[in-house]
Structure formats: C-alpha cells, structure tokens
**Student:** 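Just passing along the structure, written as structure tokens.
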Amino acid sequence: MPQSPIELKGSSFTLSVIHLYSEEPKLIKKALQDKVSQAPDFFKNAPVVINIAELTAQADLYSIHKSVVSAGLRIVGVSGCTDPLLRQKANEAGLPILSEGKSQKPVEIQTEASVAAVQNEPVYRKTRIINTPVRSGQRIYAPNSDLIVTSNVSAGAELLADGNIHIYGVMRGRALAGASGDIESQIYCTHLQAELVSIAGEYWLSDQIPAEFLAKAAKLRLVDNKLNIEYLN
C-alpha cells in the first residue's frame with residue numbers, strides 16, 4: 001500500500017495567553033496595538049490564545065476575533081470558556097476551545113530505556129561568546145548552549161539561547177533564554193534596559209519590568225512558572 005501523505009503526532013508549543021477584561025473590540029485592538037508596537041518582530045503574526053473567563057455571554061466574539069487579528073496576532077483558540085452560550089459563540093466564530101494547564105517538570109524514573117533516551121538527547125555545545133556590539137536588526141542564536149555578550153546590545157537587536165543569556169554591557173534589545181523550553185534557564189544583565197525579556201516562553205515587555213531594576217544589574221529566572229527579577233550582586 002502507498003505511504004499515507006500525512007502523519008499525526010503529539011507535540012507541545014509555548015503560546016501567549018491574552019486575558020480579556022473588556023468586551024469592547026476597539027479598546028482591545030488599541031491595547032494590543034500598543035503592546036505589539038513595543039516588540040513588533042516578536043509579536044508579528046504570533047499565535048495566541050485568548051482567555052475569556054471574565055467576559056459575559058453578551059460578548060461579541062466574532063468582532064473581538066477581528067480586533068485581535070487586525071492588531072497583527074493570530075488566534076489559535078480560546079480558554080476559560082465555561083458559559084454554554086459563550087462556548088456556542090466561540091464555535092460559531094471558528095475558535096477552538098482549549099484548556100490551560102500548568103507546565104511542570106516531570107519526575108523521572110531511571111530505567112534502561114530512559115537512560116538510553118537520555119544518551120540520545122542533544123549534547124550542549126560550547127558557550128557562544130560575542131565580543132562585539134550587537135546592532136539593531138541583528139539576531140544572534142545560541143542553539144543547545146548559553147550565550148554571553150560582553151558588549152552593548154542595541155534596541156531592535158535580539159538574543160536567543162536554549163540555555164542562559166549573560167549580557168555584560170547595556171541591554172536595550174530583546175533577550176529570550178530557554179528558547180527550546182528549558183525552564184531552568186536564566187538571564188543575567190549588568191545594565192537592564194531591555195525591550196523584552198523571556199524565559200521558556202514567559203515574557204515581560206519593557207513596561208512590565210519593575211522600574212527599580214531599570215539600568216541596574218539584574219538576574220531573571222522563573223519561579224513557579226512566572227518571571228522573577230532580582231538584583232545581581
């Protein structure tokens with residue numbers, strides 16, 4: 001028999017969830033446009049889930065859907081949908097209904113099979129070190145390793161690493177550590193003025209970084225799956 005042209009496989013993806021606290025499409029669109037404008041390369045055509053737990057059954061999900069899409073995002077589903085009428089409206093708007101779950105690090109039991117699987121995992125490479133300034137528009141990625149930048153990072157530049165990120169200059173661009181989902185990755189910065197910081201998909205835009213840490217030496221990590229920031233001593 002000929003091989004099937006498709007194959008279904010299970011997988012997991014990191015998605016941003018937009019929690020809606022207004023039912024007014026124009027207000028939602030304006031708020032999203034403001035967010036997208038802060039990091040357009042990060043948010044352009046980004047897949048998102050909208051949480052509608054705070055909306056009433058009178059909400060116009062069709063118009064809300066159009067507002068989110070017109071802001072440059074792509075809705076892949078809705079969550080927090082418990083009202084039967086809202087569920088019906090979501091279906092009519094062509095929006096899949098999803099359930100949110102908290103990512104937890106699984107407990108591993110060492111067996112011969114699991115040991116063999118670990119041996120086949122990608123080996124982390126040598127730390128990537130950048131000794132020159134990172135200019136606006138540049139994108140530097142350190143796959144399966146940490147990334148160290150010893151100079152300044154301009155606004156509009158992007159640093160990505162599957163491991164940790166260290167910046168020993170002024171950080172004005174975007175830093176995304178744990179890009180492959182490693183929740184133990186961290187970001188270290190001696191002068192934090194970033195447009196965006198992210199660890200394993202959890203991110204803050206510039207206006208979400210606590211003001212007392214701006215232009216200071218700081219360390220970011222995940223605590224209970226949420227971003228946490230501390231002074232870097």
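Computed from a predicted model, the values in this text were never measured in an experiment.
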**Student:** Answer yes if Leu176 and Tyr188 sit in the same cluster of Ile, Leu, Val, Met, Phe, Trp and Tyr residues linked by side chain heavy atoms under 4.5 Å apart, and no otherwise.
**Tutor:**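 Each belongs to a different hydrophobic cluster.
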
**Student:** Mind checking whether Lys219 and Gln186 have side chains closer than 4.5 Å, heavy atoms only?
**Tutor:**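 Side-chain contact under 4.5 Å: yes.
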
**Student:** Please determine which of Ile148, Leu159, Leu160 meets the side-chain contact (heavy atoms from CB on, under 4.5 Å) test together with Ile165.
**Tutor:**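 Testing each of Ile148, Leu159, Leu160 against Ile165, the sole residue satisfying side-chain contact (heavy atoms from CB on, under 4.5 Å) is Leu159.
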
**Student:** Could you tell me which non-hydrogen atom of Gly201 sits nearest to which non-hydrogen atom of Ser198, and how far apart they are?
**Tutor:**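 Taking Gly201 first and Ser198 second, the nearest heavy atoms are N-OG, 3.7 Å.
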
**Student:** When you check the side-chain N and O atoms of Thr127 and Asp146, is any donor under 3.5 Å from an acceptor?
**Tutor:**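 No - no donor-acceptor pair under 3.5 Å links their side chains.
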
**Student:** Parallel, tilted or perpendicular, judged at 30° and 60°: which one describes the rings of His19 and Tyr21?
**Tutor:**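 Rings of His19 and Tyr21: parallel, as their planes differ by under 30°.
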
**Student:** Taking C-beta and beyond as the side chain, do Asn228 and Leu220 meet within less than 4.5 Å on heavy atoms?
**Tutor:**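 No, too far: nothing below the 4.5 Å cut-off.
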
**Student:** What I'd like to find out is whether the side chain of Val76 reaches to under 4.5 Å of the side chain of Val48, using heavy atoms alone.
**Tutor:**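 A side-chain contact under 4.5 Å is absent here.
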
**Student:** Is it the case that one hydrophobic cluster holds both Tyr231 and Leu222, taking links as side-chain heavy atoms less than 4.5 Å apart, direct or via other members?
**Tutor:**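 As far as the 4.5 Å side-chain criterion goes, Leu222 and Tyr231 are connected within one cluster.
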
**Student:** Output yes when Glu184 and Arg221 qualify as a salt bridge under the 4.0 Å nitrogen-oxygen rule, no when they do not.
**Tutor:**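 Not counted as a salt bridge, because no side-chain N and carboxylate O are separated by less than 4.0 Å.
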
**Student:** Are any side-chain N or O atoms of Ser63 and backbone N or O atoms of Asp60, one a donor and one an acceptor, separated by less than 3.5 Å?
**Tutor:**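 Side chain of Ser63 to backbone of Asp60, a donor-acceptor pair under 3.5 Å: no, none is there.
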
**Student:** Quick one: do Val36 and Ile75 end up in the same hydrophobic cluster if we chain Ile, Leu, Val, Met, Phe, Trp and Tyr together by side-chain heavy atoms under 4.5 Å apart?
**Tutor:**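 Yes; tracing contacts between hydrophobic side chains, which count when under 4.5 Å, links both residues.
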
**Student:** Can you measure from CD1 (Ile64) to CD1 (Ile50) and round to the nearest 0.5 angstrom?
**Tutor:**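 Reported to 0.5 Å precision, the distance equals 6.5 Å.
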
**Student:** Looking at residues at least two apart in the chain, or sitting in another chain, which of them share a side-chain hydrogen bond (donor to acceptor under 3.5 Å, both in side chains) with Asn233?
**Tutor:**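 With sequence neighbours excluded, Asn233 shows a side-chain hydrogen bond (donor to acceptor under 3.5 Å, both in side chains) to no residue whatsoever.
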
**Student:** Side chain of Asn51, backbone of Ala53: donor and acceptor closer than 3.5 Å?
**Tutor:**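 Such a contact is found between Asn51 side chain and Ala53 backbone.
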
**Student:** Determine whether Val69 and Ile52 fall in the same hydrophobic cluster, where Ile, Leu, Val, Met, Phe, Trp and Tyr are linked whenever their side-chain heavy atoms lie under 4.5 Å apart.
**Tutor:**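 No, no single cluster joins them.
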
**Student:** Just by modelled atom types, is the Tyr141 backbone N or O under 3.5 Å from a matching donor or acceptor in the Arg128 side chain?
**Tutor:**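 Here the side-chain-to-backbone pair exists.
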
**Student:** Tell me whether Ser136 contacts the main-chain N or O of Ala155 through its side chain, where contact means a donor paired with an acceptor under 3.5 Å.
**Tutor:**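 Answer holds: yes.
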
**Student:** Are any side-chain N or O atoms of Glu54 and backbone N or O atoms of Ser22, one a donor and one an acceptor, separated by less than 3.5 Å?
**Tutor:**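 Looks like no, no N/O pair under 3.5 Å.
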
**Student:** Main chain of Ala57, side chain of Lys89: is a donor-acceptor contact present, judged purely on distance under 3.5 Å?
**Tutor:**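 A pair under 3.5 Å: yes.
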
**Student:** For Asp83, what residues pass the side-chain hydrogen bond (donor to acceptor under 3.5 Å, both in side chains) criterion, not counting sequence neighbours?
**Tutor:**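 Asp83: no side-chain hydrogen bond (donor to acceptor under 3.5 Å, both in side chains) contacts found.
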
**Student:** Mind checking whether Ile183 and Ile199 have side chains closer than 4.5 Å, heavy atoms only?
**Tutor:**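 Heavy-atom side-chain distance check fails, nothing below 4.5 Å.
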
**Student:** Are Val170 and Ile167 connected, step by step, through hydrophobic side chains (Ile, Leu, Val, Met, Phe, Trp, Tyr) whose heavy atoms are closer than 4.5 Å?
**Tutor:**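 In one cluster: no.
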
**Student:** What I'd like to find out is whether the side chain of Leu205 reaches to under 4.5 Å of the side chain of Lys35, using heavy atoms alone.
**Tutor:**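 When only atoms from C-beta onward are counted, Lys35 and Leu205 do touch, with a gap below 4.5 Å.
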
**Student:** Is any side-chain heavy atom of Ile229 closer than 4.5 Å to a side-chain heavy atom of Leu192?
**Tutor:**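 Of all side-chain heavy-atom pairs linking Leu192 with Ile229, at least one is under 4.5 Å.
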
**Student:** Heavy-atom count check: over 12 atoms from other residues, nucleotides or ligands less than 6.0 Å from Lys29 NZ?
**Tutor:**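 Atom NZ in Lys29 is not crowded, with 12 or fewer foreign heavy atoms closer than 6.0 Å.
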
**Student:** Within a strict 4.5 Å, meaning less than it, do heavy atoms of the Pro133 and Arg135 side chains meet?
**Tutor:**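 Yes. Closest side-chain heavy atoms under 4.5 Å.
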
**Student:** Roughly how far, to the nearest 0.5 Å, is NZ of Lys30 from CD of Glu24?
**Tutor:**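 So the gap between those two atoms works out to 13.5 Å.
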
**Student:** Ignoring hydrogens and angles, tell me if any N or O in the side chain of Glu230 forms a donor-acceptor pair with the backbone of Ala218 under 3.5 Å.
**Tutor:**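 No: the side chain of Glu230 does not pair with the backbone of Ala218.
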
**Student:** For Glu202 versus Leu227, what's the shortest heavy-atom pair and its separation?
**Tutor:**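 Reported closest heavy-atom pair: O-CD1, 3.5 Å.
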
**Student:** For atom CZ of Phe213, is the number of surrounding heavy atoms from other residues, nucleotides or ligands below 6.0 Å larger than 12?
**Tutor:**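 It does: Phe213 CZ has more than 12 such atoms within range.
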
**Student:** Any side-chain heavy atom of Val78 sitting closer than 4.5 Å to one from Leu86?
**Tutor:**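 The answer is no; the side chains never approach within 4.5 Å.
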
